[in-house]
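Letters go in sequence order (proteins before strands), and every chain restarts at 1.
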Number of protein chains: 2
Amino acid sequence: MDLMKETHPVFDEAEDKSVVRCSLTSCEKCIGRSVSMCSALKDDEIKLLSDISINISKRSKQVICAEGEMAEYLYNVQSGCVRISKMLSDGRRQIIDFLFPGDYFGLVCDNGYNYSAETITDVNLCRMPRNAILEKIKEIPAFSKKILDITIHELLETQEQRLLLGRKNAKERLCSFLLTINARSSKVGFMKKNHIFLPMSRADIADYLGLTIETVSRQFTILAKDNIISLENSPLVRIIDIEELQLIASGG
Amino acid sequence: MDLMKETHPVFDEAEDKSVVRCSLTSCEKCIGRSVSMCSALKDDEIKLLSDISINISKRSKQVICAEGEMAEYLYNVQSGCVRISKMLSDGRRQIIDFLFPGDYFGLVCDNGYNYSAETITDVNLCRMPRNAILEKIKEIPAFSKKILDITIHELLETQEQRLLLGRKNAKERLCSFLLTINARSSKVGFMKKNHIFLPMSRADIADYLGLTIETVSRQFTILAKDNIISLENSPLVRIIDIEELQLIASGG
DNA sequence: CGTGCATTTGACCACCTTCAATAAAGGTGG
DNA sequence: CCACCTTTATTGAAGGTGGTCAAATGCACG
């Protein structure tokens with residue numbers, strides 16, 4: 001049974017007791033209140049949302065939702081790291097994004113979810129019914145505008161990523177990745193300057209960058225040998241030469 | 001001077017006389033009125049928009065706007081084909097999308113345009129001031145919702161494209177491309193069933209698919225030899241075996 | 001201290017790119 | 001209308017970047 005849990009992360013007996021009704025106080029403390037879509041809502045509007053939202057805790061390596069599944073809910077990441085990905089029938093995988101506190105997912109889909117979402121670390125989520133959100137979008141212009149702004153920003157990043165996948169080499173891809181993660185985690189503010197925490201595996205990074213595990217590992221080694229980064233304490237990466245990193249990332 | 005025109009498509013002495021005020025009747029005839037963002041507007045709202053919009057005609061191979069430039073306008077394609085692309089400093093290019101009648105561009109940017117737009121064929125455009133559109137978004141919920149829907153759809157397609165660029169091989173990429181163009185041009189309804197009109201060059205297709213001209217050309221030849229498509233009359237492609245095309249595109 | 005998994009490293013290989021030549025198509029001027 | 005030139009597309013041969021396969025190392029956990 002322990003093995004089943006590992007290979008089929010859908011098993012999560014802890015789920016039941018980890019689901020709790022959302023309270024106003026939990027909304028007050030939520031990071032989404034200041035940086036995510038909820039920041040466009042007034043206190044009384046938040047109240048309406050919190051009434052239909054629940055807090056969910058999940059252990060790492062669990063499935064939150066699967067590609068193709070009916071899209072019932074929208075999720076906001078409150079703590080931890082989530083990956084969203086798409087798959088080809090033979091198992092080739094493309095990771096679309098790594099989500100950190102304040103990010104949400106589940107809005108962008110037509111009919112069913114167009115990607116799977118899985119936890120990378122232990123995660124706290126806020127789960128809202130999708131159709132209720134769509135109602136709010138129609139009713140509250142400021143909310144609609146905020147969602148649009150976030151979606152546009154997401155589209156910009158995805159277009160940047162297409163330039164990476166279509167035209168950058170392995171080294172340039174990894175440098176771009178490190179800078180992206182650095183910028184995002186420093187924005188959420190839970191890392192020392194120029195220190196990057198990488199909760200995801202080499203396989204995840206590879207599937208995000210359109211490379212293999214081996215190529216990612218080799219490029220890490222090369223960047224460390226060239227004194228551009230340091231890999232001293234494992235899941236942490238220290239950026240030594242950020243200018244050089246930026247130069248490589250942008251294609252020389 | 002003629003040479004300048006070729007290498008620097010920014011020169012377009014015909015532009016002045018090809019710019020005309022937008023009229024209500026031109027809005028009535030515009031394809032955007034039924035399929036694009038304008039479909040969310042009532043007649044009197046269209047009137048307000050048409051007052052601040054102008055119609056622009058451009059010859060093929062002209063620059064509409066350049067990456068990094070101040071984003072003043074939003075454009076709606078009324079006829080012809082436009083490509084939008086991003087570049088690396090050394091000239092490597094990634095085409096983000098080919099735009100057909102009914103498509104618009106210029107909304108998604110932060111500060112300046114994040115991509116260049118160039119005409120592939122002769123093109124008719126509707127040009128609107130960007131900040132006026134942003135005002136309308138705030139004022140008219142139905143308009144805001146429509147823009148959001150279009151943006152979400154765009155994001156879905158861009159994510160699908162990331163799976164292509166990150167994980168598909170050359171043959172799968174070209175098959176996916178042919179199916180995408182086929183679906184889009186049949187939606188606008190100006191092509192015979194299973195006939196695809198490809199106004200863009202091999203170089204454009206290559207830069208869209210993250211490949212080289214030669215690889216694209218070779219894959220075309222292979223698909224034709226395998227009787228999956230036919231290349232008889234040049235810019236037109238006929239799909240012979242669409243099921244096979246779909247099978248290859250989705251990774252076997 | 002041994003097992004299991006992730007990561008690193010090495011050797012070889014394949015797909016796509018690069019370079020180069022040829023063919024076809026398109027545009028211009030005589 | 002044809003000759004000439006330019007541009008674009010096709011095809012071939014050689015080369016390189018990243019993939020595949022395999023082994024070794026490191027690390028966490030019982």
Exercise. Return yes if some donor-acceptor pair links the side-chain N/O of Arg184(A) with the main-chain N/O of Phe98(A) below 3.5 Å, else return no.
Key: yes
Quiz item: Roughly how many Å is it from CZ in Arg202(B) to C1' in dA9(D), rounded to a whole number?
Solution: 7 Å
Quiz item: Per the side-chain hydrogen bond (donor to acceptor under 3.5 Å, both in side chains) rule, which among Arg202(A), Lys86(A), Arg93(A) passes with Asp207(A)?
Solution: Arg93(A)
Quiz item: Is there a donor-acceptor contact under 3.5 Å from the side chain of Gln94(A) to the main chain of Tyr208(A)?
Solution: yes
Practice problem: Rounded off to whole Å, could you give me the CG-to-P distance for the Asn233(A) and dG26(D) pair? | Solution: 17 Å
Practice problem: Measure the shortest side-chain to side-chain distance between Ile205(B) and Leu174(B) over non-hydrogen atoms and say whether it is less than 4.5 angstrom. | Solution: yes
Exercise. Round to the nearest Å and state the distance from Met200(A) atom CE to dC5(C) atom P.
Key: 22 Å
Quiz item: In whole angstroms, how far is the P atom of dT17(C) from the CG atom of Asp207(B)?
Solution: 11 Å
Quiz item: Out of dC16(C), dT20(D), dT8(D), which has the shortest distance to the side chain of Thr212(A)?
Solution: dT20(D)
Quiz prompt | salt bridge (charged side-chain N to carboxylate O under 4.0 Å, His left out) involving Glu232(A) - partner list, sequence neighbours excluded | solution = Arg238(A)
Practice problem: Under 4.0 Å from any atom of DNA chain C, heavy atoms only: list the residues of residues 214-226 of chain B that qualify, in numerical order. | Solution: Glu214(B), Thr215(B), Arg218(B)
Practice problem: Take Gln159(B) and Asn114(A) through the side chain to side chain donor-acceptor pair (under 3.5 Å) test and state the conclusion after the steps. | Solution: CA-CA 9 Å; Gln159(B) 288 172 352; Asn114(A) 288 66; over 6 Å; no
Exercise. Could you name each residue pair satisfying salt bridge (charged side-chain N to carboxylate O under 4.0 Å, His left out) that touches residues 219-231 of chain B, not counting sequence neighbours?
Key: Lys171(B)-Asp226(B)
Quiz prompt | Separation of atom CD1 in Ile213(A) from atom P in dG10(C), rounded to whole Å | solution = 18 Å
Practice problem: Grab the CG-P distance between Asp204(B) and dT8(D) for me, whole Å please. | Solution: 10 Å
Quiz item: Any side-chain heavy-atom pair from Asn182(A) and Ile242(A) closer than 4.5 angstrom?
Solution: yes
Quiz item: Taking CG from Leu231(A) and C1' from dT7(C), how many angstroms apart are they, rounded to a whole number?
Solution: 11 Å
Quiz prompt | Non-hydrogen side-chain atoms of Ile64(B) and Phe105(B) separated by less than 4.5 Å | solution = yes
Quiz item: Which residues pass the salt bridge (charged side-chain N to carboxylate O under 4.0 Å, His left out) test with Asp122(B), sequence neighbours left out?
Solution: Arg59(B)
Quiz item: At what angle, to 10 degrees, do the two end axes of the helix from dC1(C)-dG30(D) to dG30(C)-dC1(D) meet, given five pairs define each axis?
Solution: 40°
Quiz prompt | Heavy-atom closest contact (Glu67(B) atom, Ser85(B) atom, distance) | solution = OE1-O, 4.0 Å
Exercise. May I ask you to list the residues of residues 163-172 of chain B, by number, that have any heavy atom positioned under 4.0 Å from an atom of DNA chain C?
Key: Asn169(B), Ala170(B)
Exercise. Write down the distance between CD (Glu232(A)) and P (dG26(D)), rounded to a whole number of angstrom.
Key: 17 Å
